[in-house]
Amino acid sequence: MNHSMKRLFCKSLCTAAAGANLKPPPADSAAIAKLILSSPTTAHQSLDEQFLLSSKTTPWTPQLVNSILKRLWNHGPKALQFFHFLDRHHHNYVHAASSFDLAIDIAARLHLHTTVWSLIHRMRSLRLGPSPKTFAIVSERYVSSGKPDKAVKLFLNMHEHGCFQDLASFNTILDVLCKSKRVEKAYELFRALRGRFSADTVTYNVIVNGWCLIKRTPKALEVLKEMVERGINPNLTTYNTMLKGFFRAGQIRQAWEFFLEMKKRKCEIDVVTYTTVVHGFGVAGEIKRARNVFDEMIREGVLPSVATYNALIQVLCKKDSVENAVVMFEEMVKRGYEPNVTTYNVLIRGLFHAGEFSRGEELMQRMEIEGCEPNFQTFNMMIRYYSECCEIEKALGLFEKMGSGDCLPNLDTYNILISGMFVRKRSEDMVVAGKLLLEMVERGFIPRKFTFNRVLNGLLLTGNQAFAKEILRLQSKSGSRLTRKFRL
DNA sequence: ATAGGGTTAG
């Protein structure tokens with residue numbers, strides 16, 4: 001059953017249920033999100049009349065609210081406006097902890113520090129949290145905006161906000177630091193507190209992975225050794241992490257030896273191990289060895305997963321030929337696998353990269369027919385290729401499609417498209433770039449100074465002085481205006 | 001949201 005059929009089927013079922021008075025009519029998060037998006041965005045203005053009216057009869061549930069917040073993820077100001085509206089005006093509805101977590105994440109992405117903390121306090125006064133998850137979200141935001149010390153401090157002070165630290169939250173903060181490449185900082189914290197929290201296999205795995213992520217495999221091996229000495233047993237995850245680390249660091253020979261050692265020691269190697277090796281060899285350009293390992297896994301009775309096929313298809317595109325990748329794709333379908341969005345993205349990219357635009361477009365149509373929704377990567381990648389090849393109309397067409405669909409443009413989309421507006425060096429493209437810049441600010445994204453300057457220069461050079469002035473005004477007050485508008 | 005495998009860009 002394809003996607004549109006599924007939707008139809010769902011709809012008729014729901015209508016039947018409502019008609020029979022079995023349950024309240026289902027509220028459609030897509031429709032509500034659209035209504036919110038189409039409300040005017042003037043400052044201090046509440047949501048649209050139409051929305052206000054319909055909100056009175058909408059049976060609000062946390063699931064519905066969360067679904068709407070996710071749809072509005074890339075329009076943070078609207079998402080928060082909606083969240084605050086329900087919080088204030090619907091006294092019979094109280095937000096769930098999970099909705100608070102989403103709102104906190106959105107506010108943190110908009111750098112609305114004050115809003116983040118008032119939400120946390122409100123959550124606490126309603127006795128809904130904050131939970132370890134809330135702290136994980138806020139820490140991650142701190143780390144990704146270049147403030148790892150604040151993240152650590154937050155973890156150390158968690159208990160002051162009514163949330164006690166435990167091994168799980170310790171592992172989480174270490175992982176957050178490692179994933180953002182702040183491995184030295186994580187290692188420092190790990191050494192200071194591993195005794196207090198009785199570090200376990202997960203803790204050590206997080207640290208081993210951290211060193212591997214920054215290609216410092218000797219340090220990772222050191223931690224592995226220490227782990228064994230302290231009586232903490234490494235598991236398959238530990239070894240798979242190490243294996244991936246060798247490939248990432250370009251130590252192909254060591255990776256192969258490590259893999260052989262894993263087999264020799266009768267470690268029950270799994271689909272993840274094999275996928276790591278197939279991908280690792282492929283990225284290193286060793287297509288033949290990648291294929292050999294792929295054949296070996298089937299011989300050994302380890303079933304490849306969609307991820308394994310994705311790895312193989314990707315490396316065929318990059319290091320072999322896109323034609324062979326297409327063959328592999330058809331083979332996986334023939335064997336009964338259902339390609340996912342990553343599969344399509346990898347192959348569409350391969351086709352575009354080879355200049356096979358129409359075949360790439362056909363594949364996108366095919367994915368939609370199969371009920372596989374394109375995501376950010378799909379759109380952003382295609383927009384990037386179209387821009388590079390001066391197909392600005394096609395790039396803009398995809399952008400429109402995102403805005404009207406379930407996948408709102410994100411920060412990358414705006415950056416890619418704005419860059420694309422410079423390839424033709426046309427005056428009218430500069431105006432579009434300026435409009436995109438205004439729109440992205442309105443949606444809560446903060447353009448880099450470079451982007452502002454580039455658009456300003458473009459407008460000035462093409463005689464759009466008045467528009468340039470408008471953008472200059474916006475630049476000077478964009479940050480402060482947002483904070484005032486959405487503070488609780 | 002406690003850890004490992006596919007999407008980027010050389």
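Just the heavy atoms: all of them, side chains too, but no hydrogens, waters or symmetry mates, feed the values below. Each chain gets a letter, A, B and so on, in the order its sequence line appears, and its residues count up from 1.
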From CA spacing to verdict: side chain to side chain contact (heavy atoms under 4.5 Å, CB included), A:D105, A:W73: CA-CA 9 Å; A:D105 204 345; A:W73 197 257; 3.6 Å; yes

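- A salt bridge is defined here as a Lys NZ or Arg NE, NH1 or NH2 lying under 4.0 Å from an Asp or Glu carboxylate O, and A:E331 with A:R335 meets this definition.
- Residue contacts shown for A:T342 include a base, since a base heavy atom lies under 4.0 Å away.
- Neither OP1 nor OP2 of B:dG5 sits under 4.0 Å from any side-chain N or O of A:H279.
- Between B:dG6 and A:Q314, no contact under 4.0 Å exists linking OP1 or OP2 to a side-chain N or O.
- Ring planes of A:F294 and A:Y309: perpendicular class, angle over 60° (limits at 30 and 60°).
- With respect to A:R216 and A:E184, a salt bridge is recorded, a charged nitrogen being found less than 4.0 Å from a carboxylate O.
- Using a 4.0 Å heavy-atom cutoff across all strands shown, A:I313 reaches no nucleic acid atom at all.
- A:N380 comes within 4.0 angstrom of no nucleic acid atom, judged by non-hydrogen atoms across all strands.
- At a threshold of 4.0 angstrom between heavy atoms, the contacts of A:S305 include nucleobase atoms, whether or not backbone atoms are also involved.
- Atom P of nucleotide B:dG6 and atom CD of A:Q377 are separated by 13 Å, given to the nearest angstrom.
- When rounded to the nearest whole Å, the span between CG of A:N205 and P of B:dG5 equals 11 Å.
- Taking atom CG of A:L213 as the reference point, atom P of B:dA3 lies 13 Å away to the nearest angstrom.
- Among the atoms of the strands shown, none is found under 4.0 Å from any heavy atom of A:V176.
- Not one side-chain nitrogen or oxygen of A:K318 sits closer than 4.0 Å to the OP1 or OP2 atom of B:dG6.
- Checked against B:dG5, B:dT2, B:dT8, the side chain of A:A307 finds its nearest nucleotide in B:dG5.
- With B:dT7, B:dT2, B:dA1 as the choices, the nucleotide that has an atom nearest any side-chain atom of A:N375 turns out to be B:dT7.
- In this model, no side-chain donor or acceptor of A:T308 finds a partner on the base of B:dG6 within 3.5 Å.
- Remark: P of B:dT8 and CG of A:N410 are 15 Å apart, rounded to the nearest angstrom.
- Aromatic ring pairs are classed by plane angle as parallel below 30°, tilted from 30° to 60° and perpendicular above 60°; the pair A:F258 and A:Y239 is tilted.
- Base orientation for B:dG6: syn, the chi torsion being within 90° of 0.
- Below the 3.5 angstrom threshold, one finds no donor paired with an acceptor across the side chain of A:D175 and the base of B:dA1.
- Closest contact between the side chain of A:R349 and the listed nucleotides B:dA9, B:dG5, B:dG6 involves B:dA9.
- Nearest to the side-chain atoms of A:N171 among the listed nucleotides B:dT7, B:dT2, B:dA1 stands B:dT2.
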Worked check of ring-ring contact (aromatic ring centres under 6.0 Å, His included) between A:F379 and A:Y386: CA-CA 10 Å; A:F379 285 112; A:Y386 282 139; over 10 Å; no

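- When the nucleotides B:dG6, B:dA1, B:dA3 are ranked by their closest atom to the side chain of A:E140, B:dA1 comes out on top.
- For A:R384 and B:dT8, the shortest distance from a side-chain N or O to OP1 or OP2 is not below 4.0 Å.
- Atom name C1', nucleotides B:dG6 and B:dT2: the rounded distance is 23 Å, in whole Å.
- For the pair A:R349 and A:F352, the cation does not sit on the ring face, since its NZ or CZ is not both under 6.0 Å from the ring centre and inside 45° of the axis.
- Nucleic acid contact class of A:K244 (heavy atoms, under 4.0 Å, all strands): sugar-phosphate only.
- Using a cut-off of 4.0 Å between Lys/Arg side-chain N and Asp/Glu carboxylate O, A:D295 and A:R299 are scored as not salt-bridged.
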Working for ring-ring contact (aromatic ring centres under 6.0 Å, His included), residues A:H279 and A:F281: CA-CA 6 Å; A:H279 186 248; A:F281 274 142; over 10 Å; no

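- You'll find a donor-acceptor pair under 3.5 Å spanning the side chain of A:T275 and the base of B:dG5, going by distance alone.
- For the pair A:F281 CZ and B:dG6 P, the computed distance is 15 Å after rounding to whole Å.
- Across all strands, A:V346 comes closer than 4.0 Å only to sugar-phosphate atoms, never to a base (heavy-atom distances).
- Note: CE (A:M332) to C1' (B:dG6) measures 10 Å, nearest angstrom.
- Following rounding to the nearest Å, A:Y344 (OH) and B:dT7 (P) show an atom-to-atom distance of 18 Å.
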Bracket string, DNA chain B, 5' to 3' - pairs by Watson-Crick or G-U geometry under 3.5 Å, | interstrand: ..........

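- Rounded to a whole Å, the CG atom of A:L154 is 19 Å from the P atom of B:dA1.
- Listed candidates were B:dG6, B:dA9, B:dA3. Nearest to the side chain of A:K179 is B:dA3.
- Classification of A:K435 and A:E439 as a salt-bridged pair fails, no side-chain N sitting under 4.0 Å from a carboxylate O.
- With B:dT2, B:dG5, B:dA9 as the choices, the nucleotide that has an atom nearest any side-chain atom of A:V272 turns out to be B:dG5.
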